[in-house]
2 protein chains.
Amino acid sequence: MIKIDMLRCFSTVAQFGSLMEASTRLGRTPSALSMSLKQLEGHLGARLFETERKNKLTPLGQEVFRIAQSQLRQFDDTVTSIENAANAPQGLIKIASIPSATGLALPQAISTMMEQHPHLKVELRDMDSAMVAEAILHGEADIGIASGSQSLNGVDCVTLFEDAFGLLCGAEHPLAKVTSPPTLDDIFSYAFMSNNLCSQLDLDAVRSASEGAHIVVHNTHSLIAMTRTNNWVTILPKSVARALPDELVFRPIDGITQRRTVSLLLSQRARFPNLLETFSNLLVQADWT
Amino acid sequence: MIKIDMLRCFSTVAQFGSLMEASTRLGRTPSALSMSLKQLEGHLGARLFETERKNKLTPLGQEVFRIAQSQLRQFDDTVTSIENAANAPQGLIKIASIPSATGLALPQAISTMMEQHPHLKVELRDMDSAMVAEAILHGEADIGIASGSQSLNGVDCVTLFEDAFGLLCGAEHPLAKVTSPPTLDDIFSYAFMSNNLCSQLDLDAVRSASEGAHIVVHNTHSLIAMTRTNNWVTILPKSVARALPDELVFRPIDGITQRRTVSLLLSQRARFPNLLETFSNLLVQADWT
DNA sequence: GATCATACTTCAATTTTTCTGTAATTTGAT
DNA sequence: ATCAAATTACAGAAAAATTGAAGTATGATC
């Protein structure tokens, strides 16, 4: 029978490439770990490590390592969630939000909320819009912030704010120096990085440029690092491009009127409906610009 | 320390509302379960059941039940995946696919593949397009079928087929009886059901009708059941509407030229690249219409 | 509201599993 | 080839889970 502890043991040993290192990390003796590993390999009927020194994984070992890592993260999350739920008899709000909103009015709203309700516990998770919707449907979150306006069963949806798309480029990039706002054609004549957010723009020109892009960057920090080199440019919603370092410039784009709407999703089956209502009012009234 | 077994115990007892029933189901004695529950409640510092008879959960209990259920499903999945990986030293292909492709050439291709490679193991999962992409990126799948053409790091993408959108309605519905193909306006003058797939149509008219729709149906079987009443109609890609019962009709829509492209996604870091290539050739050459 | 059958809890003994510490063996690097 | 470090084996110890029997609460029925 495979147990969480076996996976944790394997995972740690795989990570450090040594029983000893892993054993101090886990607070067990090397022999205990060795036996756990032996048991796991026995159960699977295959080796997980190439050599007896545990510093090289077999292909199967790599596969199991990947699976185990993700299971462990997930399990630890579960435990935290359960413990949060238990330690919050006075109120708990589970928030799921897209990363860009986490950088806006959300922290202020949470802080105000916690002042007013000293016993309130808050659980906050970043994810993309589709996962926010899923999380609320599955009861993993009570309230969510996502882009687009979704109509889901048992979920209320209000628009929070709208967001214009624009160009992100380095301050030394040619597009930063043109006086009038650049057009899409101007932009696509330079090396263009695609990202998850610009695919929300329903324009064929953007879609084909995204597909033709040689680089797709999935996370904002990388995007900023890449842009800083002045070699690439990208298109983003404005709220994502806040608090930029000096070497970066965000500019409107000539001919783009489409905006991204960001909405508040409210579960109708939350455990603390009153708190949720207070909180949602705070969010709706907050300054999101 | 919370363990999987504790969650399984709690979950089963919560499900059956009785220690005895759960105990036979799990093959343990009632007292063992009782002690496990006591330990869990002790760890959380709160009650999970309203009374000592285990047939009523506290609000916290309900929350923990939901979390535990999903964790258990996830954990069992993990175990299966690991065991699959270990039991397939000769070859394993992990497929992630949108449900509509599962009903098309995929079964045939898998069957051909397994004839040619008697030791081959296959893992097949249904999910929506976004999750297919995620699964491949995370190494949970080697090959995927998804709508749209995504460009992802370390993933090859080829178009498999294209799919026209059309109207799905009951055979007795007025729209089934008009001679010429109905327009969008015709359709939206009747009660319209929204679904996840029609949101892939980039048309404002469809978007606003979806948002205004009083019903959103997330799964094809329900969609068919609803349509059969002749009270509602919906818009779908053609391949989803195959093998319809007689009482249903699928019709082209006047003025809709946009098609849904369905693509094959291939991980470049699969464990058995040769098998994957053979399989992907099969899929590309298959008859998808 | 008293009674009864059923279901849950507790307790101590037992079994199973897991962990430790030392000694012996293996391994990879020099 | 040799050595130092790391891993395994083994047996005893500790911890945890399980059991069965006895006690106690519950709610259904009259």
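Residue numbers begin at 1 in each chain, while the letters A, B, ... track the order of the sequences. As a basis for the values below, the full set of heavy atoms in this structure was taken, side chains included, without hydrogen atoms, waters or symmetry mates.
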When you measure from the side chain of B/Ser111 to the backbone of B/Pro107, do you find a donor-acceptor pair of N or O atoms at a distance under 3.5 Å? no
Where the side chain of A/Thr58 meets the backbone of A/Arg47, is there a donor-acceptor pair that is under 3.5 Å apart? yes
Looking at B/Pro30, is its backbone amide N or carbonyl O close enough to the side chain of B/Ser34 to form a donor-acceptor pair, meaning the two atoms are under 3.5 Å apart? no
Taking 4.0 Å as the cut-off, does a side-chain nitrogen or oxygen of B/Ser31 come that near to OP1 or OP2 on D/dT19? no
Round to a whole Å and report the spacing from CE of B/Met1 to P of D/dA15. 16 Å
Start and end of chain B contact along DNA chain C [non-hydrogen atoms, under 4.0 Å]: C/dT6 to C/dT10
Between C1' of D/dT8 and CG of A/Leu37, the distance in whole Å: 12 Å
Across the strands shown, which category fits A/Lys56 at heavy-atom distances under 4.0 angstrom: base, sugar-phosphate, nothing? nothing
Among residues 4-21 of chain A, which residues get a heavy atom nearer than 4.0 Å to DNA chain D? A/Ser18, A/Leu19, A/Met20
Do NZ/NE/NH1/NH2 and the carboxylate oxygens of B/Asp76 and B/Arg8 come within less than 4.0 Å? yes
Taking the side chain from A/Glu247 and the backbone from A/Gly170, do they hold a donor-acceptor pair closer than 3.5 Å? no
Would you say a side-chain N or O of A/Lys38 is under 4.0 Å from OP1 or OP2 of D/dA9? yes
Counting only N and O atoms by type, is there a donor-acceptor contact under 3.5 Å from the side chain of A/His117 to the main-chain atoms of A/Met113? no
Any sub-3.5 Å donor-acceptor pair from B/Thr229's side-chain atoms to B/Ala225's backbone N or O? no
Overall bend - the helix from C/dG1-D/dC30 to C/dT30-D/dA1, comparing terminal axes fitted on five pairs, nearest 10 degrees: 50°
Checking the side chain of B/Arg125 only, and the main-chain atoms of B/Glu140 only, is there a donor and an acceptor separated by less than 3.5 Å? no
Quick check: does any side chain N or O of A/Thr278 sit under 3.5 Å from a backbone N or O of A/Asn274, one acting as donor and the other as acceptor? yes
Can you confirm whether or not the ring centre of B/Phe272 sits under 6.0 Å from the ring centre of B/Phe279? no
Between B/Lys3 and D/dA16, is there a contact of a side-chain N or O with OP1 or OP2 at under 4.0 Å? no
Polar side-chain atom of B/Ser36 near backbone of B/Leu33 as donor-acceptor pair, under 3.5 Å: no
Hey, does the side chain of A/Ser34 come within less than 4.0 Å of D/dT7's phosphate (OP1/OP2), counting only N and O? no
Atom CD of A/Gln39 to atom C1' of D/dA9: distance rounded to whole Å? 16 Å
